[in-house]
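Small disclaimer: the values here were computed from a predicted structure and weren't measured.
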Protein chains: 2
Amino acid sequence: MFKLTRKVEYALIALRHMQNKGSEVVTNTKEIAEAYDIPVQLLAKTLQHLAREGIIDPVQGPHGGYRLTANLEDLNLTDFIELLEGPMGLMDCYFDSNCEQLGVCNIRLPIVKINDSIRNMFNKMSLADLTK
Amino acid sequence: MFKLTRKVEYALIALRHMQNKGSEVVTNTKEIAEAYDIPVQLLAKTLQHLAREGIIDPVQGPHGGYRLTANLEDLNLTDFIELLEGPMGLMDCYFDSNCEQLGVCNIRLPIVKINDSIRNMFNKMSLADLTK
DNA sequence: TTAAATACGACTTTATTGGTCGTATTTAAT
DNA sequence: ATTAAATACGACCAATAAAGTCGTATTTAA
């Protein structure tokens, strides 16, 4: 319970790897997959996702790969997770108010508060903090 | 992502319900299930679990049910979740050091820190806070 | 004796996550 | 031009976890 998904995990590993190599260097998927023993195809999809979101920049063709473009200081953990995995909340009703039980639910408010605290905490963490 | 399980959700709802009625009163499963539209059998198992853990006290036979016994001030959210769902951690390596990648993993430390922060935050929340 | 309740393991179903496959596209090097 | 090394990406499959159901036993007040 309460685990990060592999997608998030792999994305963080990759970003840190790229960060360490410097932001002009082009790194390809295979290199990272082998270094950390991650399934190539899955990492590939993850990196493609990061590229679509503008966090890394794809370089196609031979000797291609990805180059770190985003300023990781400016990207917080809440946004990062949500951009990879969608809405992050302890209960669905945090985002989606279709819950039939909304009227009778007796724990909604406290849960919303905890949720806000977690988000707030994640908001304060930049990816740069995590990858350096 | 990052959702509480139904089990935890239902347990909290039930505890709050019982708390509201006062701690001497006996409340049965069916009453709670109907009030919040929760599958009876599932709630039953959850309450049995809480009973095994000594948080509520079973009263068998007709007019039976459960009575709140634990002092909810003394039970924090980390312990509560773990007692219902087992170890709570962002990555398995927080508890289990069998991960093959431990040696090469480049994000373990930052993740462990975040994990500690969450646990720390949950440690400071008593169930009483959540159910009153 | 009956009926209303808990106790609980086994099972099934559903949802989510994790991973694979096939195929197309881009492009540097030859 | 051709080749080969890379990204791009949708469709599919597998594994795991979560959610829910079923059957049967036990307890006990009326």
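The salt bridge (charged side-chain N to carboxylate O under 4.0 Å, His left out) contacts involving residues 102-113 of chain A comprise nothing, where partners must be two or more places apart or lie in separate chains. Residues in residues 30-58 of chain B take part in these salt bridge (charged side-chain N to carboxylate O under 4.0 Å, His left out) pairs, two or more places apart or across chains: B:Lys21-B:Glu31.
In this structure, the CG atom of B:Asp57 is 15 Å from the C1' atom of C:dA5, given to the nearest Å. In this structure, B:Leu84 atom CG and D:dA18 atom P are separated by 13 Å, rounded to whole Å. In this structure, A:Met88 atom CE and C:dT17 atom C1' are separated by 18 Å, rounded to whole Å. Regarding A:Met1, its CE atom lies at a distance of 16 Å from the C1' atom of D:dT16, rounded to whole Å. To the nearest angstrom, P of D:dA19 lies 14 Å from CD of A:Gln101. Taking atom CD of residue B:Glu85 and atom P of nucleotide D:dA19, one finds them 7 Å apart after rounding to whole Å. Between B:Lys3 atom NZ and D:dA19 atom C1' the separation is 13 Å, expressed in whole Å. Whole-Å rounding puts the B:Glu53 CD to C:dC8 P distance at 12 Å.
Across all non-hydrogen atoms, the minimal contact from A:Ala51 to A:Pro58 is CB-CD, 4.2 Å. Across A:Leu68 and A:Gln19, no two heavy atoms sit closer than the pair CD2-OE1, 3.4 Å. The two residues A:Cys93 and A:Leu102 come nearest to each other via the heavy atoms CB-CD2, 4.2 Å.
One distance of note links OG1 of B:Thr131 with CG of B:Leu72; it measures 5.0 Å at 0.5 Å rounding.
When each of B:Thr69, B:Leu127, B:Leu75, B:Leu47 is tested with B:Ile55 by the rule side chain to side chain contact (heavy atoms under 4.5 Å, CB included), just one qualifies, namely B:Leu75.
Residues of residues 26-39 of chain B having a heavy atom closer than 4.0 Å to DNA chain C, listed by number: B:Asn28, B:Thr29. Of the residues in residues 40-51 of chain A, those with a non-hydrogen atom less than 4.0 angstrom from any atom of DNA chain D are A:Lys45, A:Gln48.
A 4.5 Å side-chain heavy-atom check between B:Leu15 and B:Phe80 finds at least one atom pair inside the cut-off.
Residues satisfying the side-chain hydrogen bond (donor to acceptor under 3.5 Å, both in side chains) test with A:Arg119, not counting sequence neighbours, are A:Glu82. In this view, A:Asn115 satisfies the side-chain hydrogen bond (donor to acceptor under 3.5 Å, both in side chains) rule with no residue, not counting sequence neighbours.
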### Message
Base contacts versus sugar-phosphate-only contacts with protein, heavy atoms under 4.0 Å: please encode nucleotides 23-30 of chain C as B, S and - from 5' to 3'.
### Response
---BBB--
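The side chain of A:Arg6 approaches C:dG18 more closely than any other nucleotide in the set D:dG20, C:dA7, C:dG18.
Base pairing in DNA chain D yields stems of at least 3 consecutive Watson-Crick or G-U pairs, both distances under 3.5 Å, namely C:1-30 with D:1-30.
In the hydrophobic clustering (ILVMFWY side chains linked at under 4.5 Å, chained through shared members), A:Val59 is joined by A:Val26. A:Tyr94 belongs to a hydrophobic cluster whose remaining members, ordered by chain and number, are A:Phe95, A:Val112; membership requires side-chain heavy atoms of ILVMFWY residues under 4.5 Å apart, directly or through intermediates. Think of B:Val40 as one node in a network of Ile, Leu, Val, Met, Phe, Trp and Tyr side chains linked at under 4.5 Å; it has no links at all.
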Report, one line per pair, each donor and acceptor closer than 3.5 Å where one atom sits in a side chain of residues 4-11 of chain A; sequence neighbours left out.
unit_1 : atom_1 : unit_2  : atom_2 : d
A:Thr5 : OG1    : A:Val8  : N      : 3.4
A:Thr5 : OG1    : A:Glu85 : OE2    : 2.5
A:Lys7 : NZ     : A:His49 : ND1    : 3.3

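Within the 4.0 Å cut-off from OP1 or OP2 of C:dA7, at least one side-chain nitrogen or oxygen of B:Tyr66 is found.
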